[in-house]
Amino acid sequence: MKRTTIFSQLIVNIIIPVTIALVILAVFFFLTIKSFMQAKNVTNNKNISKEIKTVMRFQDLSLSMVEEELGEKMLSVTSRLVNDYFLITDSIEHADLKKLQKELNMVPGQEDIYIINLDGKIVNSTFEDDIGFEFFSLGEKYKQFLLNVFNDGRFHMDRFSPEAKTNKLKKYSYRATQDGKYIIELGFYSESANHVVNQARREINGLDSGHASIEKVDLFFGSENPVCFSNPDEKINEENIKIYQRALEKKSNMEFDRNDLHYEFIYFYQSKSELFKHGVIRIVSDRSADKKSLISQLTLLLVIFGAVVMIVFFLIIRRSKAISNPIKNLATSVTNISDGDLSARTEVVGNNEITTLSEQFNEMLERLQKSHDSLEQKVIERTAEIFTQKEKIEAQNHQITDSIRYAKRIQTAILPSDEVLENNIKQHFVLFKPRDIVSGDFYWTGKRDGLAIIVAADCTGHGVPGAFMSMIGNTLLNQIVNERGITKPSDILWNMRKEILNLLSQKGSKAVTKNKDGMDMSICTINYDTLEVQYSGANNPLFYIRDEKLTVIKGSRQPVGSHILENEPFENHELQMKPGDRMYIFSDGYQDQYGGDENRKFMVGRLKRFFVEIHKKPLGTQKEIMNQTIEEWMADKKQIDDILVIGIKL
């Protein structure tokens with residue numbers, strides 16, 4: 001067999017690995033730079049999105065101050081029109097609304113009256129250009145809103161929005177006449193509100209000036225016919241509108257590239273508007289500069305790579321002789337000891353002096369190999385046994401986890417959907433954070449005899465045991481309220497206790513289970529027409545805030561379940577609330593959570609101060625703040641219990 005030189009072996013064994021390593025390193029640096037550029041663009045877009053959300057929050061705060069004054073006047077004017085002028089609506093379509101406008105001290109050109117019939121058409125108005133306009137043409141969501149106004153007979157107010165034809169910013173209110181045949185709509189224009197919105201638009205339109213790669217920043221609202229808030233003349237083309245609508249539907253961010261332009265659609269949620277809650281921020285970026293920079297970096301890496309390979313090649317030529325001589329001596333030494341009792345073997349590689357070394361060394365390792373083979377076989381057998389046991393344990397764990405996750409799907413399905421909550425409890429938030437996959441806390445809502453009912457419950461235990469109790473509680477509430485028609489909170493709790501005592505065999509001295517399972521609950525019924533609230537609690541209280549003052553209504557000191565006072569009735573509280581009052585019901589998970597610098601409980605006192613601090617903020621913002629606060633409070637600590645907090649604005 002022909003032998004090769006040490007030099008040629010060094011070329012094969014050093015140059016090629018070094019070349020491969022440099023290629024891998026170059027690819028790594030290239031990908032790192034690319035990732036950095038992408039992260040920079042993502043950060044820029046996130047910062048722009050945050051600035052837009054901040055601008056919109058400030059706009060909402062500013063508009064809310066303007067709206068308070070307009071809202072009182074709109075309610076007063078609407079009440080007079082419905083109850084005094086149009087108690088009978090036979091001539092409403094031909095009424096002299098401009099005359100009524102003067103009698104009601106309304107400002108012509110700024111404060112208008114609209115009469116809408118059952119077909120969603122404006123049949124009379126002080127703003128004559130809008131007569132004949134069909135509201136149902138604005139989309140299904142707007143149609144459902146108007147139909148709801150016809151049905152419930154309540155007074156509705158929308159946030160400021162652009163007027164359809166003049167694009168002037170107006171605040172609208174809606175209320176059906178007492179015979180349910182027409183809707184009386186008011187549209188009030190405010191110069192102050194218009195100034196606030198124009199300022200917000202200028203702020204948003206100026207966001208692209210601080211970023212060289214940002215071409216355009218827009219904010220759109222609406223689904224079927226999107227309206228650009230930042231630039232009313234801006235339209236979305238056919239390609240963009242599909243991505244826009246997908247981002248709205250999935251409530252997530254979408255992006256795509258077209259030539260050198262990158263389009264990112266960022267989902268935007270505005271909590272205060274009844275008709276335009278959801279929108280999308282569109283950011284258009286020019287990525288051509290990034291591509292040029294990447295090409296430049298890649299060229300530099302290739303130059304460095306070539307230079308390193310040439311240097312290594314030169315050093316190998318210089319050092320090949322210095323390496324070959326010691327190896328020859330080592331081969332001679334190995335040959336001298338190969339006649340001893342150190343017989344073994346090793347893998348033979350190459351075709352030079354190292355080959356001789358390998359062949360002699362193999363004889364010394366032969367005996368070691370036999371022992372190694374025996375030991376290796378034992379290790380394989382033991383490993384196979386351990387692996388089999390591991391697979392069995394993993395399969396069992398997988399089955400258990402899958403079962404619990406399926407249980408979570410069932411539990412989630414029985415909780416009220418967002419749509420049901422919004423239909424029953426008009427303005428609210430629900431912060432729900434199970435400790436485990438499934439939860440022992442649950443919430444329930446219903447509507448009966450014109451009353452909205454909301455329940456916050458904390459069952460014994462958490463995880464799977466608590467989830468079983470929560471499903472029992474949900475089922476019993478459906479039976480007691482929906483089937484039996486019981487709406488008084490204390491009666492609901494009493495019936496819940498009787499059913500649980502029977503279901504869990506806790507009744508009497510001969511009870512089967514001898515368990516103390518049950519639940520703590522807070523139940524409120526709300527009459528939105530009169531703002532009368534009834535409350536009853538099992539251990540859990542009701543907090544409500546009025547005029548910056550927090551009031552605590554304590555629940556009865558007994559659970560729903562087996563208890564020494566199980567024959568005592570639950571106390572029922574009747575409260576006359578006022579518009580703008582905030583109510584909070586909750587389980588004990590939030591206040592009992594350990595955390596902070598001293599690893600203490602959050603405590604009820606801190607929770608009271610926290611509610612007072614945030615109660616004037618929008619309900620969606622309150623939920624975000626509460627979630628962020630408890631996450632920061634826990635930090636790296638484990639959540640010890642399920643958390644449930646429900647906030648309601650009347």
Side-chain angles (χ1 to χ4, degrees), residues 390 392-418 420-421 429-445 454-478 496 500 503-504 506 513 515-522 538-540 559-562 584-596 599-604 606-607 610 623-647:
K390 176 176 174 290
K392 290 180 179 179
I393 294 172
E394 288 179 345
Q396 292 172 352
N397 287 338
H398 185 70
Q399 291 175 355
I400 294 171
T401 303
D402 284 349
S403 297
I404 296 175
R405 292 190 184 281
Y406 192 81
K408 176 180 175 61
R409 291 174 57 188
I410 296 173
Q411 186 180 45
T412 301
I414 68 173
L415 290 174
S417 65
D418 291 343
V420 171
L421 283 167
F429 74 82
V430 177
L431 176 63
F432 184 51
K433 295 173 68 66
R435 194 199 80 164
D436 303 311
I437 298 176
V438 291
S439 172
D441 286 6
F442 74 96
Y443 52 96
W444 184 92
T445 184
I454 185 71
V455 177
D458 181 0
C459 299
T460 302
H462 37 69
V464 174
F468 274 114
M469 287 298 299
S470 74
M471 295 177 73
I472 291 173
N474 189 284
T475 301
L476 292 178
L477 284 168
N478 284 322
M496 286 285 292
I500 287 176
L503 284 172
L504 302 184
Q506 296 177 339
T513 59
N515 65 71
K516 297 295 183 181
D517 293 326
M519 57 193 73
D520 297 337
M521 302 181 77
S522 293
N539 285 329
N540 288 348
V560 176
S562 178
Y584 301 91
I585 54 177
F586 45 88
S587 66
D588 58 3
Y590 203 102
Q591 64 206 47
D592 288 348
Q593 179 59 47
Y594 283 93
N599 193 27
R600 293 185 174 183
K601 288 185 178 181
F602 196 86
M603 302 301 290
V604 174
R606 183 182 282 109
L607 185 59
F610 189 33
K623 177 180 177 180
E624 294 175 4
I625 293 173
M626 292 198 72
N627 185 59
Q628 181 180 355
T629 299
I630 200 64
E631 289 291 339
E632 292 175 353
W633 177 260
M634 288 190 293
D636 57 350
K637 308 297 188 302
K638 183 178 179 181
Q639 185 174 331
I640 66 169
D641 198 359
D642 302 314
I643 292 175
L644 172 62
V645 181
I646 300 175

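All values below were derived from every heavy atom in this structure, side-chain atoms included, with hydrogens, water molecules and symmetry-related copies excluded.
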Engineer: Not counting sequence neighbours, which residues clear side chain to side chain donor-acceptor pair (under 3.5 Å) with Asn539? List them please.
Structural biologist: Asp520
Engineer: Would you find a donor on one side and an acceptor on the other, under 3.5 Å apart, between the side chain of Ser470 and the backbone of Asp441?
Structural biologist: no
Engineer: Quick one: salt bridge (Lys or Arg N to Asp or Glu O under 4.0 Å) partners of Arg606, sequence neighbours excluded?
Structural biologist: none
Engineer: Kindly write out the residues that satisfy salt bridge (Lys or Arg N to Asp or Glu O under 4.0 Å) with Lys623, not counting sequence neighbours, or none if the list is empty.
Structural biologist: none
Engineer: Please enumerate all residues that pass side chain to side chain contact (heavy atoms under 4.5 Å, CB included) together with Thr445, with sequence neighbours excluded.
Structural biologist: Pro416, Val420, Leu421, Asn424, Ile425, Ile454
Engineer: Between the side chains of Glu632 and Gln628, is a donor N or O closer than 3.5 angstrom to an acceptor N or O?
Structural biologist: yes
Engineer: Provide the closest heavy-atom pair for Ala457 versus Met521 in the form atom of the first, atom of the second, distance.
Structural biologist: CB-CG, 3.9 Å
Engineer: To the nearest 0.5 Å, tell me how far Thr629 OG1 sits from Met634 CE.
Structural biologist: 11.0 Å
Engineer: Is Asp418 atom CG crowded by more than 12 heavy atoms from other residues, nucleotides or ligands, each under 6.0 Å away?
Structural biologist: no
Engineer: In residues 471-478, what donor-acceptor pairs under 3.5 Å come from side-chain atoms, sequence neighbours left out?
Structural biologist:
unit_1: Asn474; atom_1: OD1; unit_2: Asn478; atom_2: ND2; d: 3.2
unit_1: Asn474; atom_1: ND2; unit_2: Ile414; atom_2: O; d: 3.3
unit_1: Thr475; atom_1: OG1; unit_2: Met471; atom_2: O; d: 2.9
unit_1: Asn478; atom_1: OD1; unit_2: Trp444; atom_2: NE1; d: 2.9
unit_1: Asn478; atom_1: OD1; unit_2: Asn482; atom_2: ND2; d: 3.1
unit_1: Asn478; atom_1: ND2; unit_2: Asn474; atom_2: O; d: 3.3

Engineer: Tell me the closest heavy-atom pair linking Ile646 and Ala456, and the distance in Å.
Structural biologist: CD1-CB, 4.0 Å
Engineer: Can you give me every donor-acceptor pair (side chain of residues 589-596, partner residue at least two apart or in another chain, under 3.5 Å) with its distance?
Structural biologist:
unit_1: Tyr590; atom_1: OH; unit_2: Met626; atom_2: O; d: 2.7
unit_1: Gln593; atom_1: OE1; unit_2: Ile640; atom_2: N; d: 3.1
unit_1: Gln593; atom_1: NE2; unit_2: Lys638; atom_2: O; d: 3.1

Engineer: Examine the side chains of Asn627 and Lys433 and answer whether a donor and an acceptor come within less than 3.5 Å of each other.
Structural biologist: yes
Engineer: Once side chain to side chain contact (heavy atoms under 4.5 Å, CB included) is applied, do any residues pair with Phe468, and if so which ones, sequence neighbours excluded?
Structural biologist: Val464
Engineer: Could you tell me which residues satisfy side chain to side chain donor-acceptor pair (under 3.5 Å) with Asp588, sequence neighbours excluded, listed by chain and number?
Structural biologist: none
Engineer: With Gln639, which residues qualify under side chain to side chain donor-acceptor pair (under 3.5 Å), at least two apart?
Structural biologist: none
Engineer: Quick one: do Asp642 and Phe442 satisfy side chain to side chain contact (heavy atoms under 4.5 Å, CB included)? Show the steps, please.
Structural biologist: CA-CA 9 Å; Asp642 302 314; Phe442 74 96; over 6 Å; no
Engineer: Tell me, please, which residues at least two apart from Tyr443 pass side chain to side chain donor-acceptor pair (under 3.5 Å).
Structural biologist: none
Engineer: Could you list the residues that satisfy side chain to side chain contact (heavy atoms under 4.5 Å, CB included) with Asp436, not counting sequence neighbours?
Structural biologist: His462
Engineer: Minimum heavy-atom separation for Ser587 to Asn540, with atom names?
Structural biologist: CA-ND2, 4.2 Å
Engineer: Please identify each residue that fulfils side chain to side chain contact (heavy atoms under 4.5 Å, CB included) with Lys408, with sequence neighbours left out.
Structural biologist: Thr412, Ile437, Val438
Engineer: Which pair of non-hydrogen atoms, one from Ile500 and one from Met519, has the smallest distance, and what is that distance?
Structural biologist: CD1-CE, 3.6 Å
Engineer: Decide side chain to side chain contact (heavy atoms under 4.5 Å, CB included) for Leu431 and Phe586; before the verdict, give the C-alpha distance in whole Å, the side-chain angles of both, and the deciding distance to 0.1 Å.
Structural biologist: CA-CA 9 Å; Leu431 176 63; Phe586 45 88; over 6 Å; no
